[in-house]
Amino acid sequence: MRATVTVAAFTWLLITAEGVLRPFATALLLALILSASSERLVRLVPSRWRRGKTVARLVSVLGIGAIVLGVALLVVEAVGQLRANVDVYAANLNFLLSEVQSRTGSEQEITVIGLVRQMDLRAMALGFAASTAAFGSVFFVVVLYVVFIFSEARVFKSKLSALANSPADEAHLHSIARDIKRGIDDVLGVQVLVGILQAVPTFIVLTLVGVDAAVLWAVLVFFFSFIPTIGTAFGIAVPSLMTLLQFMTLQPFLIVLILTGAVQLYGTNILLPRLMSRSLNVSSLAVLFAVFAGGALWGIIGAIIAVPVLTIALIVCAKIKRLRPVAVLISADGSLPGDGNSSATVSAAESASGPTEP
C-alpha cells in the first residue's frame, strides 16, 4: 500500500511539474552526453598533455565543436542540393497528384502550387513564429541549466562527503555515484552506437541508389534513432518516400524501403535490446515499458530519458538492501551491478548509520 501511494504521488508530481522538470531533465541528459563525449575525446589526447586539465578540456571542446561544425556544413550542402532540384520534386509531386485524381475519379485538378495557395500562409507564419519563440525560450532555459549543472558537478563529490555520517557511508555514496555515472555512460554509448550503425548503412544505400541529400537523411536517421518507435518509422518512411519522389519508379523505392527497413528493424528490435542487456543487464521488457511510460508522461523527451532513468533506478535499488528485489525484477537475469561487493558495502553502511529507508 505504501509503495502504491509513493508511485502514485511520484507520477502526479511528474505530470503536474512537467513544465519545470522536463527542461531540467533535458539539460541533465545533454550535460551527461557532453561529459561522456568529452571524456572519450580526452583519451585521444597524448598522455603528456592530459596532466593539465585545462588543455585536455580545451582539446575535447574543440573536438566536439569540430564534429558539430563538420556535420552542420554537410547538412547545409545537402539542403542546397535539395533546393537546386526543387522543380523536379514539384513536377513529380504534381504527377503523383494527377495519378491519384484519375484513379479516384476526381474532376478537380490539384497541383502543388494550388495547394500552397489554399494554405493560410499568414496563420502558418504566425504559428511558426510562436513555436520558434517558445522553442527559443526553452532552449535558453536548457542551456542555462547545462551551465549550472557543470558548475555544480565540480563540488558534487564534496557535497556527497558532507552528507555522509561515517567513512563507510561516504564510500557507499561515492560508489553509488560512480555506478550511476558509469551506467548512464553505457546507455548513451549503446544508443550512439546503434544510431551510427543505422545512419551509416542508410547513407551507403542512399548514395548507391543516387538519392539526393543522402547525408541529410543519414544525419536525421541518427538523431531520430534516440526516439524509440517514432525514430524507426522515420528512418524507413522518409528516405523511401524521398526516393520515390525523386525517381518516380518502383525499383529504387523498393530497394531503399527493404534495405533501410531491415537496418532500422534490426537495430531497434534486436541490436539495441541485446546491447542494453549485455552492457547494463537491464531487462528488455523493462526497457520497453519504461520507454512507453516515459512517452506517455512527457512525450518524446520522456521516451528518450526513460532508459537512463531506468538505469539509475536499477543501480540505486541494487545498493539499498530493502529495494534489491526491485532491482532483481528490473535486471535481465537477476545479477546486479557490483554484486561481488555491493552486499558487503550495503551492510557496512547500514551497520554504521542504521537501516536505510527506501
*For the pair M242 and V211, evaluate side chain to side chain contact (heavy atoms under 4.5 Å, CB included) and give the outcome as yes or no after the intermediate values.*
CA-CA 8 Å; M242 182 61 202; V211 180; 4.1 Å; yes
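- The CG atom of L329 sits 11.0 Å away from the CG atom of L314 when rounded to the nearest 0.5 Å.
- A continuous path of ILVMFWY side-chain contacts below 4.5 Å connects I255 to I204, so both sit in one hydrophobic cluster.
- Partner of P23 under the side chain to side chain contact (heavy atoms under 4.5 Å, CB included) criterion, out of L28, V141, L144: V141 alone.
- Here I305 contributes atom CD1 and T26 contributes atom OG1; the two are 6.5 Å apart, rounded to the nearest 0.5 Å.
- Aromatic ring pairs are classed by plane angle as parallel below 30°, tilted from 30° to 60° and perpendicular above 60°; the pair Y145 and F24 is perpendicular.
- At least one donor-acceptor pair closer than 3.5 Å links the side chain of N92 to the backbone N or O of L245.
- H172 NE2 to S166 OG: the interatomic distance, rounded to the nearest 0.5 Å, is 10.5 Å.
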*Could you please spell out the steps behind the side chain to side chain contact (heavy atoms under 4.5 Å, CB included) verdict for V75 and V79?*
CA-CA 6 Å; V75 169; V79 171; 4.3 Å; yes
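- When hydrophobic clusters are built by joining Ile, Leu, Val, Met, Phe, Trp and Tyr residues whose side-chain heavy atoms come closer than 4.5 Å, directly or via intermediates, L30 is grouped together with F150.
- Judged by distance alone, with hydrogens and angles left aside, the side-chain atoms of W298 form a donor-acceptor pair with the main-chain N or O of L14 at under 3.5 Å.
- No donor-acceptor distance shorter than 3.5 angstrom exists from the side chain of T16 to the backbone of L13, with no hydrogens or angles considered.
- To the nearest 0.5 Å, atom OG1 of residue T260 and atom CG of residue L206 are 7.5 Å apart.
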*asked:* Under the criterion side chain to side chain contact (heavy atoms under 4.5 Å, CB included), I'd like the reasoning laid out for S225 against V194: C-alpha separation, chi angles, the key distance, then a yes or no.
replied: CA-CA 8 Å; S225 68; V194 172; 5.6 Å; no
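- Y266 and L257 fall into different hydrophobic clusters, defined by Ile, Leu, Val, Met, Phe, Trp and Tyr side-chain heavy atoms under 4.5 Å apart, directly or through other members.
- A donor and an acceptor atom, one from each side chain of T232 and T268, are located under 3.5 Å apart.
- In this structure, T243 contributes its side chain and P239 its backbone to a donor-acceptor pair below 3.5 Å.
- Under a cut-off of 6.0 angstrom, the local environment of CZ in F292 is sparse, with at most 12 non-hydrogen atoms contributed by other residues, nucleotides or ligands.
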*Starting from the C-alpha separation in whole Å, work towards a yes-or-no answer on side chain to side chain contact (heavy atoms under 4.5 Å, CB included) for F224 and V221.*
CA-CA 5 Å; F224 272 83; V221 164; 6.0 Å; no
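- Closest heavy-atom contact between A218 and A199: O-CB, 3.3 Å.
- Nearest heavy-atom pair across A214 and T207 is CB-OG1, 3.7 Å.
- Note that CZ of F222 and CG of L197 are 10.5 Å apart. Values are rounded to the nearest 0.5 Å.
- Across all their heavy atoms, Q198 and Q264 have their closest contact at NE2-O, 3.3 Å.
- Here CG of L93 is found 8.5 Å from CE of M248. Values are rounded to the nearest 0.5 Å.
- Checked by atom type and distance alone, the side chain of E77 never pairs as donor or acceptor with a backbone atom of A213 at under 3.5 Å.
- Heavy atoms only, all atoms of each residue included: F203 and V215 are closest at CE1-CG2, 3.4 Å.
- Residue L323 is not grouped with residue L173 when hydrophobic side chains (ILVMFWY) are merged at heavy-atom distances under 4.5 angstrom, including chains of intermediate members.
- Looking at every heavy atom in both residues, F247 comes nearest to P252 through CB-CG, 3.8 Å.
- Neither W217 nor L244 shares a network with the other; the hydrophobic side chains, linked directly or stepwise wherever heavy atoms of I, L, V, M, F, W or Y lie under 4.5 Å apart, form separate groups for each.
- Panel note: side chain E170, backbone L160; no donor-acceptor pair is recorded below 3.5 Å.
- The two residues A78 and L216 have their closest heavy-atom pair at CB-CB, 3.7 Å.
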